[in-house]
Amino acid sequence: MSAAGLIAASLLVPAAGAAGIALAGRWPNLRESVTLVTAVTLLGCVLGLLPSVLDGGRPQLFVLEMLPGIALGFRVEPLGMLFALVASGLWIVNSVYSIGYMRGNDEEHQTRFYVCFALALAATMGIAFSANLLTLFLFYEMLTLVTWPLVTHHGDAEARAGGRTYLGVLLGTSILLLLPAMIATWSVAGTLEFLPGGLLRDAGLSNAALGGLLALYMFGIGKAALMPVHRWLPAAMVAPTPVSALLHAVAVVKAGVFTVVKVIVYVFGVETLAEVRAADWLPVVAGFTILAASVVALRSNNLKRRLAYSTVSQLSYVVLAAAVLVPISIAAAAFHIAAHALGKITLFFAAGAIYTAAHKTEVSQLDGIGRRMPWTMAAFTVGALSLIGIPPCVGFVSKWLMLQGVFAAELWSVAGVLLASTVLNAAYFLPIVYVAFFKAPNGELHGEAPLPMVIALTATAVGTVALFFLPELPLALARSVAGL
Amino acid sequence: MSAFGHYSYWITVLLMVAGLYIVIARGNLIKKLVGLSIFQTSVYLLYIAPGKLIGGTAPIIADGFRLYTNPLPHVLILTAIVVGVATLALGLAIAVRIREAYGSIEEDEILAADRDSGGGA
Amino acid sequence: MTLAHLPALVVVVPLLAAPLVVLVRRAAAAWAIATAACAFSFAAAILLSAEVAAHGPMSYHLGNWPPPWGIEYRVDALSAFVLVLVSGIGTASALYAWRSAAAELSRDQLYLYYVMHCLCVAGLLGMTVTGDAFNLFVFMEIASLSSYVLIALGRDRRALLAAYQYLILGTIGATFYVIGVGLLYLATGTLNIADLAERLPQTASTRAVLAALAFITVGVSLKLALFPLHFWLPNAYAYAPSAVTALLAATATKVSVYVLLRFYFGVFGLRLVTETLPMAEILLVLSLIAIVTASLVALWQENLKRLFAYSSVAQIGYITLGVSMASPDGLTAAVVHLFNHGITKGALFLLLGGVALRAGGATMGSVQGLGRRMPLTSLAIVIAGLSLIGVPGTAGFVSKWYLVLGAIEAGRWWLAGFVVATSLIAVAYVWRFVEAAYLSEPGPATPGRGEAPAAMLAPALALAAACVFFGLQTSWTVGSARRAAELLLGGVP
């Protein structure tokens with residue numbers, strides 16, 4: 001199949017899968033088979049595009065003209081490739097996990113759940129491959145809308161309230177800030193295509209205007225969860241755990257930081273920003289978000305909430321790394337998108353497994369749970385170590401790259417933030433590991449969660465370690481984003 | 001030229017304002033329609049009066065007919081009169097139906113009846 | 001029948017269909033004739049639009065009397081665009097009425113319904129195509145009188161009062177318009193719109209012209225329901241038969257906007273409207289108030305038809321906001337939103353009509369859990385609702401894009417912020433429906449499982465699909481709007 005055909009297939013396969021899932025809704029086994037087949041096919045399509053991207057090719061596909069001069073178009077570049085690989089690869093694992101979770105917890109509306117999930121993946125692929133800001137924005141909003149039914153899955157008052165915050169913050173920031181920023185960009189630059197070196201490079205904007213525009217973008221991309229527009233992420237935790245795992249640790253939040261990196265690299269241009277120092281405020285906001293979110297995570301007793309704030313903090317690592325504005329730190333930002341995804345999905349899988357097997361949601365209830373669920377808690381430990389940045393987990397690699405960037409830019413305060421946050425990460429993860437394995441278990445007897453869930457969380461944990469030893473592929477893509 | 005030189009305009013404006021006042025101030029549906037007709041009539045005058053030339057004749061192109069009145073406003077107003085009659089007829093028809101449905105043609109009584117039967121539909 | 005006669009035929013066919021329907025009287029035949037006439041106009045409008053895009057404006061002289069003595073019909077980029085909208089919605093509404101009107105009206109009244117439908121569509125098309133200011137008044141009254149009748153046909157007795165109020169206000173509006181035209185005639189001695197534009201700058205009596213501008217503005221504003229002259233609209237939309245609400249909401253106010261655009265830019269000219277009188281500022285302020293107040297009022301409505309009627313008042317505010325910018329982007333936004341909002345509201349009211357038919361009324365109570373009972377209808381309402389908000393990928397987004405672009409290009413950031421901020425109110429009222437339909441359990445008022453009849457669902461879904469289509473493929477809509485804007489700002493049409 002041609003490259004353009006593969007791009008089209010990457011978008012259409014999950015969309016067609018959604019239709020197939022809806023049609024097969026009455027037969028659960030068939031329905032889940034459709035999901036799995038779709039997920040595997042999607043990964044196949046994305047992998048089909050990989051060789052040419054690694055060779056420096058930029059396969060593209062332009063469908064139609066959305067607005068005069070702005071096409072609905074797709075172009076695969078390394079960062080999008082990396083994001084698409086992570087999302088589509090983890091979708092397979094997550095589907096296996098979902099089957100165990102949704103059946104194990106007797107959830108309702110399972111067809112709607114799988115349909116929206118497939119549509120969310122289609123939107124994610126659209127974001128990853130978009131060739132211009134408008135296409136990206138189209139799929140960005142679509143992702144918000146199709147994940148809303150997943151967040152409000154339970155339909156009760158809590159889910160409604162969570163859904164309102166989710167929609168209000170994400171749609172609100174994107175319409176209120178991102179859309180005007182985009183239109184202003186169009187107004188001054190006359191194009192919205194992602195250009196290497198930045199499409200605003202020759203627009204002749206003053207430093208203040210660049211800084212203001214950058215602020216509109218950074219806070220307009222609510223999915224990146226910079227404080228104070230992070231509230232939607234904890235609110236989204238009312239969703240079933242597979243949603244939190246894939247969407248609110250991988251697809252949706254990564255769409256946010258992906259857009260941030262994309263905007264910094266291809267809209268503003270790293271060199272332009274570094275030259276005019278219009279982004280000097282960004283490390284401050286990102287650093288504050290990292291530390292503040294870590295502190296909130298430390299004080300949260302609810303496990304999913306703790307993980308959510310940990311995500312807020314980790315997302316700002318990506319923003320911070322991008323804001324350091326040297327090539328190696330851009331590579332670190334790109335790499336961390338993949339590294340954090342693997343670690344965090346493992347942690348969420350473990351949290352969901354604990355909920356399914358033991359019906360426990362609070363950190364204080366986890367005494368000795370490692371003895372009853374050794375596989376789950378072992379995986380949890382691996383994920384936690386990765387996020388803290390301890391070898392042999394992939395998180396170490398991204399932290400290493402980040403520090404290289406910081407040294408290159410000689411931003412010692414950023415190094416301090418990284419150090420402090422590492423301590424905080426350890427402070428909110430390690431006690432869980434400690435009580436799980438070294439305290440006496442209490443309460444009813446239970447074993448591991450259903451087998452598909454255990455398989456899924458083991459797989460991602462193994463991946464987290466494996467990527468430490470074999471980081472060539474994501475590293476190659478990440479370095480290529482930074483032009484290294 | 002004195003302020004009363006254009007007395008036809010004064011009459012036009014008087015009718016216009018009086019008609020509008022009746023439409024706004026009266027609660028009786030029939031009286032409102034009467035006001036509306038007066039209002040429309042003022043427009044007929046507005047068009048026709050300037051079309052009339054003193055000493056002018058019908059527009060005939062022949063010897064002896066040198067000064068003639070512009071016929072176009074008359075034609076226009078003929079149309080407008082038809083429209084006005086149609087509007088009045090329709091308005092009265094609706095008023096009749098309202099009387100059948102509510103038993104009244106007083107606006108406040110009708111609104112009160114709707115309120116009593118429970119606002120939202 | 002050649003292309004040259006199409007400008008007349010597009011109006012004459014539905015106009016003549018009306019007496020024909022009276023003669024045949026049988027409901028089925030009446031429906032067939034009305035639908036065929038509207039469909040003919042739709043096809044003719046599309047042909048005209050293509051012709052105008054290829055060869056420039058067309059002028060048709062009725063009875064071979066050359067303008068300015070005879071009546072001229074004129075089709076240019078703007079009028080062709082509006083013709084397509086009006087005839088398209090007219091056709092959709094006629095198709096829809098086959099089941100909808102049959103369910104809401106008594107059998108012996110049905111043929112009269114189609115008479116009025118034909119007259120209304122013919123009147124609106126005539127307003128659009130005519131190049132004569134007085135002829136425009138006649139068509140305006142044809143469209144208005146028939147729409148009063150159509151509204152009065154509603155099942156609820158409040159429809160009668162709504163029709164009566166609309167009759168009074170509509171007649172005042174039309175009379176104001178005709179007073180303005182009379183003053184222009186006194187000042188220039190012509191009624192042809194193009195001729196007026198040429199002669200106005202030479203006229204001595206500027207005071208009469210300014211008075212004409214004021215009268216025409218107020219008169220047309222009444223018709224297009226510009227705040228604060230919108231009081232007739234919510235009741236008229238809420239209690240009219242479903243097919244009528246869709247027809248009027250999608251076309252009647254839009255054609256009035258068209259008239260406003262024609263007079264502001266085609267007759268009085270930019271200088272008179274924006275410099276001599278502060279019309280742009282007045283329009284801007286009224287639009288802003290309309291958007292905020294009507295959106296907020298919409299938020300609290302229980303009756304969905306009323307909710308979207310108030311939303312119409314707000315959306316008209318966006319259109320007049322674009323007009324008030326008087327810039328290429330602003331006018332493009334106004335013209336394209338005229339079309340996009342037309343199809344969006346058309347879709348919404350047709351869909352709500354389906355809900356009303358199955359549930360006996362379209363209220364917040366009757367859409368509880370609708371997602372499971374009428375899945376297609378609910379989904380289409382959500383899609384049209386997204387278009388109302390202006391989510392990318394829908395028609396509404398395109399309008400918003402140009403509105404914000406116009407504001408930013410004019411350096412008015414606060415206005416850009418206002419536009420995007422107020423669209424969040426639309427999110428709130430659309431999401432009230434979404435939460436009721438998808439997160440609530442079906443209540444006692446919710447209809448049972450099953451969609452509306454196919455004859456009603458099909459045109460409604462077609463319009464909802466159009467909302468998405470014109471959000472992704474905008475070369476025709478934006479292209480036409482852009483040409484129309486250039487035409488308007490270029491002075492004489």
Side-chain angles (χ1 to χ4, degrees), chain A residues 22 63-72 109 112 116 123 126 133-142 144-145 148-149 151-157 159-161 163-164 167-188 192 209 212-213 216 220, chain C residues 329 332 336 369 371-372 375 382-383 385-386 389-394 397-411 413-424 426-428 430-432 434-436 438-441 469-479 481-482:
Chain A
V63 186
L64 39 78
E65 200 161 55
M66 256 182 94
L67 287 170
I70 315 173
L72 178 65
H109 309 303
R112 185 175 82 192
C116 289
L133 262 178
L134 187 65
T135 310
L136 193 151
F137 187 62
L138 168 72
F139 287 103
Y140 181 98
E141 297 291 54
M142 184 178 149
T144 307
L145 293 172
W148 179 81
V151 171
T152 55
H153 187 82
H154 293 130
D156 51 13
R160 274 178 197 227
R164 280 180 190 170
L167 196 76
V169 174
L170 286 185
L171 217 53
T173 51
S174 67
I175 293 181
L176 215 52
L177 306 173
L178 185 53
L179 178 62
M182 195 166 68
I183 296 178
T185 306
W186 166 253
S187 176
V188 295
L192 289 179
L213 199 56
L216 281 185
Chain C
D329 285 315
T332 305
V336 86
R372 261 174 277 170
V382 173
I383 289 173
L386 293 179
I389 298 169
V391 171
T394 60
F397 174 72
V398 181
S399 327
K400 195 147 292 164
W401 176 274
Y402 279 98
L403 216 48
V404 175
L405 186 62
I408 289 180
E409 301 250 292
W413 278 89
W414 63 271
L415 192 57
F418 175 89
V419 171
V420 291
T422 48
S423 65
L424 294 181
V427 177
V430 169
W431 235 257
R432 280 187 71 205
V434 174
E435 284 196 355
Y438 288 97
L439 295 184
S440 301
E441 290 301 315
F469 179 80
F470 288 116
L472 293 174
Q473 173 58 42
T474 59
S475 51
W476 180 70
T477 47
V478 174
R482 170 68 64 184

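Below, chain A is the first sequence line, B the second, and so on; all start at residue 1. What's counted below: heavy atoms across the whole structure, side chains too, no hydrogens, waters or symmetry copies.
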By a 4.5 Å heavy-atom criterion (distance strictly below it), what part of A/Ile70 contacts chain C: side chain, backbone, both, or neither? side chain

Mind checking the CZ-CG spacing from C/Phe397 to A/Leu67? Nearest 0.5 Å is all I need. 6.5 Å

Options A/Pro180, A/Gly155, A/Pro68, A/Pro149, ranked by heavy-atom pairs under 4.5 Å with chain C, top entry: A/Pro68

Evaluate the criterion side chain to side chain contact (heavy atoms under 4.5 Å, CB included) for residue pair C/Val382 and A/Leu145; output intermediate values, then yes/no. CA-CA 11 Å; C/Val382 173; A/Leu145 293 172; over 6 Å; no

Do A/Met66 and C/Trp401 have side-chain heavy atoms sitting under 4.5 Å apart? no

Considering the options A/His154, A/His153, A/Arg160, which one meets the side-chain contact (heavy atoms from CB on, under 4.5 Å) requirement together with C/Leu439? A/Arg160

Examine whether an atom of C/Val478 lies under 4.5 Å from a heavy atom of chain A, and if so say whether it belongs to the side chain, the backbone or both; otherwise answer neither. side chain

Do the ring planes of C/Trp431 and A/Trp148 sit parallel (below 30°), tilted (30 to 60°) or perpendicular (above 60°)? perpendicular

Engaged part of C/Ala421 at the chain A interface, taking heavy atoms whose separation is under 4.5 Å: both

Are the side chains of C/Ile389 and A/Ile175 in touch, meaning some heavy atoms are under 4.5 Å apart? yes

Under 4.5 Å from any heavy atom of chain C, what part of A/Leu177 do you find: side chain, backbone, both or neither? neither

With rounding to the nearest 0.5 Å, note down the distance linking CZ in A/Arg164 to CD in C/Glu435. 4.0 Å

Take C/Glu409 and A/Ser187 through the test side-chain hydrogen bond (donor to acceptor under 3.5 Å, both in side chains) and record every step on the way to the result. CA-CA 7 Å; C/Glu409 301 250 292; A/Ser187 176; 2.4 Å; yes

Which one, A/Ser174, A/Ala184, A/Ala159, A/Gly168, leads in non-hydrogen pairs under 4.5 Å with chain C? A/Ala184

Examine whether an atom of C/Leu472 lies under 4.5 Å from a heavy atom of chain A, and if so say whether it belongs to the side chain, the backbone or both; otherwise answer neither. both

Could you have a look at C/Ala428, C/Ser440, C/Gly390 and say which one has the most heavy-atom pairs with chain A under 4.5 angstrom? C/Ser440

State which residues pass ring-ring contact (aromatic ring centres under 6.0 Å, His included) with A/Phe139; sequence neighbours excluded, sorted by chain then number. A/Phe74

Can you tell me how far the CG atom of A/Leu176 sits from the OG atom of C/Ser423, to the nearest 0.5 Å? 8.0 Å

Using a cut-off of under 4.5 Å on heavy-atom pairs, state which of C/Val404, C/Asp329, C/Leu405, C/Val419 scores highest against chain A. C/Leu405

Going from NE2 on A/His109 to CZ on C/Arg372, what distance comes out if it is rounded to the nearest 0.5 angstrom? 5.0 Å

